[in-house]
Amino acid sequence: MDYANIYVERIRSLCETRSISINKLATMSNVKQSTLDNIMRGLTKNPRVKTLHKIALAFNMTLAEFLDFPTLNEYSFDDEEEDD
């Protein structure tokens, strides 16, 4: 799984377990629907920390709690190709 999809899967998983639609999450988090849609469709590869923080708060989590999950913790940037 690539880095951009890790956030998508985290958001999708939290929405499913809490029975929250992406549309409702946009309202709860005060993140524009288009911004959230771009993240979920993979068009936004590296969401801003401010955006992730708003999403975390909507799930009643700190940003640290939101980012603390096995898939992200086990991710290795060494496996990515450099775009420099």
Identify every side-chain donor-acceptor pair in residues 40-49 under 3.5 Å, counting partners at least two apart or on other chains, and give the distances.
from	atom 1	to	atom 2	distance (Å)
Arg41	NH2	Asn38	OD1	3.4
Lys45	NZ	Gly42	O	3.1

Quiz item: Which side-chain hydrogen bond (donor to acceptor under 3.5 Å, both in side chains) pairs, counting each pair once, include a residue from residues 10-29, with sequence neighbours left out?
Solution: Glu9-Arg12
Exercise. Hey, could you give me each pair passing ring pair (Phe, Tyr, Trp, His ring centres under 6.0 Å) that has a residue in residues 36-55? Not counting sequence neighbours.
Key: none
Quiz item: Below 4.5 Å, heavy atoms only, C-beta onward: do Phe66 and Leu57 meet side chain to side chain?
Solution: no
Quiz item: For Glu65 and Asn60, which heavy atoms make the closest approach, and how far apart are they?
Solution: OE1-O, 4.4 Å
Self-check item: Distance in Å, Leu52 CG paired with Tyr7 OH, rounded so as to fall on 0.5 Å steps
Solution: 5.5 Å
Practice problem: Can you measure from CG (Asn30) to OG1 (Thr35) and round to the nearest 0.5 angstrom? | Solution: 10.5 Å
Quiz item: Under the side-chain contact (heavy atoms from CB on, under 4.5 Å) test, which residues partner Ser34, sequence neighbours left out?
Solution: Lys32
Quiz prompt | Atom pair CD1 (Ile55) and CG (Leu36), whose distance is rounded to the nearest 0.5 Å | solution = 5.0 Å
Quiz item: Would Met61 end up clustered with Leu63 when hydrophobic side chains under 4.5 Å apart are linked, directly or stepwise?
Solution: yes
Quiz prompt | Ile39 vs Thr51 side-chain heavy atoms within contact, under 4.5 Å | solution = yes
Quiz item: Which heavy-atom pair separates Tyr75 from Asp2 by the least distance, and what is that distance?
Solution: CE1-C, 4.3 Å
Self-check item: Side-chain heavy atoms of Val31 within contact of Leu25, under 4.5 Å
Solution: no
